[in-house]
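Step one of this worksheet: look at the structure below.
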Amino acid sequence: MSDERLPGSVRVGLRLLDRQILDRDGTDVGKVDDLELDCPDDGGPPVVDALLCGAAALGPRLAGGLGRWWRRILQRVEPGEPEPARILMSDVAELGTAVRLDKPGPEVAGAVEKWLRDHIIAKIPGGRS
Amino acid sequence: MKKLFGITLGILTAIGGFVDIGDLVAAALTGARFGLSLAWVMVVGVVGICLFAEMAVRVTTITGRPVFDLVRERLGARAGLANLTASYLVTLLTLAAELGGVALALELATSVNHLLWVPIVGLLVWVVIWRVKFERMEKAYGLLGLALIVFAVAVWQLGPDWGALLAQAANPVPPPDESWPVWFYYAIALFGSAMTPYEVFFLTSGGVEEGWRPSDLRISRLNVFIGFPLGGLLALSIMVAAALVLGPAGVQVDHLGQVVLPVAVALGKLGVAVALIGFFAATFGAALETALSGGYAIGQYFGWRWGKRVAPVHAARFHLVILATVLAGTAIILTTLDPVKVTEYSIVLSAAALPLTYLPILVVANDAEYLGRRVNSPLTNVLASVYLVLLLVVSAVTIPLMIVTRAGQ
């Protein structure tokens with residue numbers, strides 16, 4: 001987090017986790033479902049590397065039976081090892097009541113949306129306007 | 001005139017909250033059975049929803065973040081999901097009841113069995129959400145729902161002894177032939193229906209759909225302070241009308257057809273026609289409100305793109321959730337469950353889930369990061385804390401009371 005527009009230290013539980021992510025144009029990308037932390041070798045405080053976003057990131061946070069059930073469903077929908085969308089901290093423009101990026105949201109984050117749009121919603125009359 | 005149109009979102013929201021199918025019946029039922037001894041609950045409910053809805057619209061107008069965003073953010077992924085599940089189920093049950101309610105209103109007008117109307121109503125609700133612009137939808141159903149003012153006119157026409165009515169309202173104890181637990185059960189039902197969480201989901205999401213900005217704070221507050229008291233007043237006049245006509249006649253209200261009787265007595269056929277238009281608009285409006293709220297809550301929990309301000313192709317998951325919700329609601333009511341019973345249960349169950357929605361609103365309304373100098377005043381916080389205790393008590397005693405009284409039998 002070298003960018004001077006972002007705070008040097010932040011209480012991630014309160015200010016970062018579960019916040020809405022908006023892209024450059026203000027379009028909803030997803031939630032900060034989880035974080036990727038990097039622990040420096042010199043023993044300093046952990047640094048937030050990336051925001052993780054999507055069902056694959058949310059599942060593990062729902063501990064217990066609910067979390068297991070979540071992962072099972074996800075396995076059915078998306079076999080293999082589902083990967084959450086990673087948004088690098090360097091792409092974050094502003095941490096406010098929402099997290100604003102300075103570029104479009106990552107492709108992966110919109111994959112399900114895109115599939116449902118192309119296969120269902122766009123085929124119903126009137127869906128395009 | 002522009003002002004009047006600026007507050008139709010508040011009016012539609014309040015009509016969905018106060019005079020939807022469950023409230024139409026609950027208000028008439030309690031009026032017929034308990035006189036005005038439960039009128040105070042309406043006042044407590046209106047003050048409560050105004051208090052929390054004002055906080056919610058303040059946060060939304062200033063930050064652009066609707067209520068379920070705050071719920072997820074403050075409760076976290078797990079508790080947020082629990083709230084989502086509970087709120088969604090309650091909203092779905094309410095939607096089912098509203099679809100049944102519209103069908104019942106159509107049955108009263110056409111004498112065609114309501115079950116035949118249900119699939120048509122379900123389809124209409126979906127088409128309106130799919131195609132009609134948000135503002136147009138809100139104006140049409142908000143203003144048409146005002147036809148229910150006919151109940152206030154009916155009360156005035158009946159020329160009651162106002163002093164006696166006031167004395168009844170000022171004496172909050174159950175009538176001699178009713179027990180305290182049953183009386184409290186209905187008090188909770190009325191309170192729960194005034195504070196149902198989908199009202200704040202819908203109002204704040206609607207504010208985002210309308211593009212409220214910080215400069216719109218005044219109009220968004222007017223939506224709250226005019227809309228909800230107006231909804232409460234409509235519900236109260238239905239209660240008074242029932243207390244005047246149905247109570248003395250010994251009518252036990254369990255059908256929409258009985259709710260309209262006081263209007264028939266006071267104003268004749270024309271009055272009944274206006275009341276039926278009001279029933280249709282209020283229940284149809286509430287069906288739109290609940291179906292959209294289901295989509296809003298789920299979309300906002302997961303952070304999807306949501307809303308009617310973009311074409312459906314740009315909010316595919318949101319529209320798919322709404323489509324599935326309307327289908328599920330239609331299916332529930334086609335099982336021939338009694339729509340009125342379905343709402344009664346959904347209202348009481350929602351009373352049990354209230355603190356999960358209102359606590360995050362209160363916390364965020366005190367957060368200067370969100371609101372700067374517009375955080376809650378000390379007076380608002382004192383009042384809100386009192387209500388939060390009340391909400392906790394209500395949510396704790398709801399289910400036991402439901403069991404003890406066998407749902408108010």
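A, B, ... follow the sequence lines: proteins, then strands. Residue 1 opens every chain.
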Query - Side-chain heavy atoms of A/Thr27 within contact of B/Arg305, under 4.5 Å - result: yes

Query raised in the report: With a 4.5 angstrom heavy-atom cut-off, which part of B/Leu81 approaches chain A: side chain, backbone, both or neither?
Result: side chain

**Report entry** For chain A, which residues of residues 201-209 of chain B have heavy atoms nearer than 4.5 angstrom
**Finding:** none

Query raised in the report: Got a donor-acceptor contact below 3.5 angstrom from the B/His319 side chain to the B/Ala315 backbone?
Result: no

Query raised in the report: Would B/Arg317 and B/Val321 count as a side-chain contact (heavy atoms from CB on, under 4.5 Å) if you check the C-alpha gap in whole Å, the side-chain angles of each, and the deciding distance to 0.1 Å?
Result: CA-CA 6 Å; B/Arg317 285 174 288 190; B/Val321 166; 5.6 Å; no

Report summary line: Of B/Trp304, B/Phe302, B/Trp306, the largest count of non-hydrogen pairs under 4.5 angstrom with chain A goes to B/Phe302

Report task. Could you have a look at A/Arg15, A/Arg128, A/Lys114, A/Arg19 and say which one has the most heavy-atom pairs with chain B under 4.5 angstrom? Result -> A/Arg19

**Report entry** Structural part of B/Phe318 lying under 4.5 Å from a heavy atom of chain A
**Finding:** neither

Query raised in the report: With a 3.5 Å cut-off and no angle check, do the side chains of B/Ser377 and B/Thr380 form a donor-acceptor pair?
Result: yes

Report task. Determine, stepwise, if the pair B/Phe68 / B/Tyr296 fulfils ring-ring contact (aromatic ring centres under 6.0 Å, His included). Result -> CA-CA 8 Å; B/Phe68 222 89; B/Tyr296 288 146; over 10 Å; no

Report task. Give the intermediate values and the outcome of side-chain contact (heavy atoms from CB on, under 4.5 Å) for residues A/Lys31 and A/Ile21. Result -> CA-CA 6 Å; A/Lys31 292 278 179 194; A/Ile21 307 173; 5.9 Å; no

Report task. Kindly indicate whether the side chain of B/Arg74, heavy atoms from C-beta on, has any atom under 4.5 Å from the side chain of B/Asp69. Result -> no

Report task. Measure A/Asp118 against the heavy atoms of chain B and call it side chain, backbone, both or neither at under 4.5 Å. Result -> neither

**Report entry** Between B/Glu199 and B/Thr13: side-chain donor-acceptor atoms closer than 3.5 Å
**Finding:** no

Query - Proximal component of A/Leu116, with respect to chain B [non-hydrogen, under 4.5 Å] - result: both

Report task. Pick one of side chain, backbone, both or neither for A/Ile124, based on which atoms fall under 4.5 Å of a heavy atom in chain B. Result -> both

Query raised in the report: Taking only residues at least two apart or on different chains, which pairs with a member in residues 124-136 of chain B satisfy side-chain hydrogen bond (donor to acceptor under 3.5 Å, both in side chains)?
Result: A/Ser129-B/Arg131

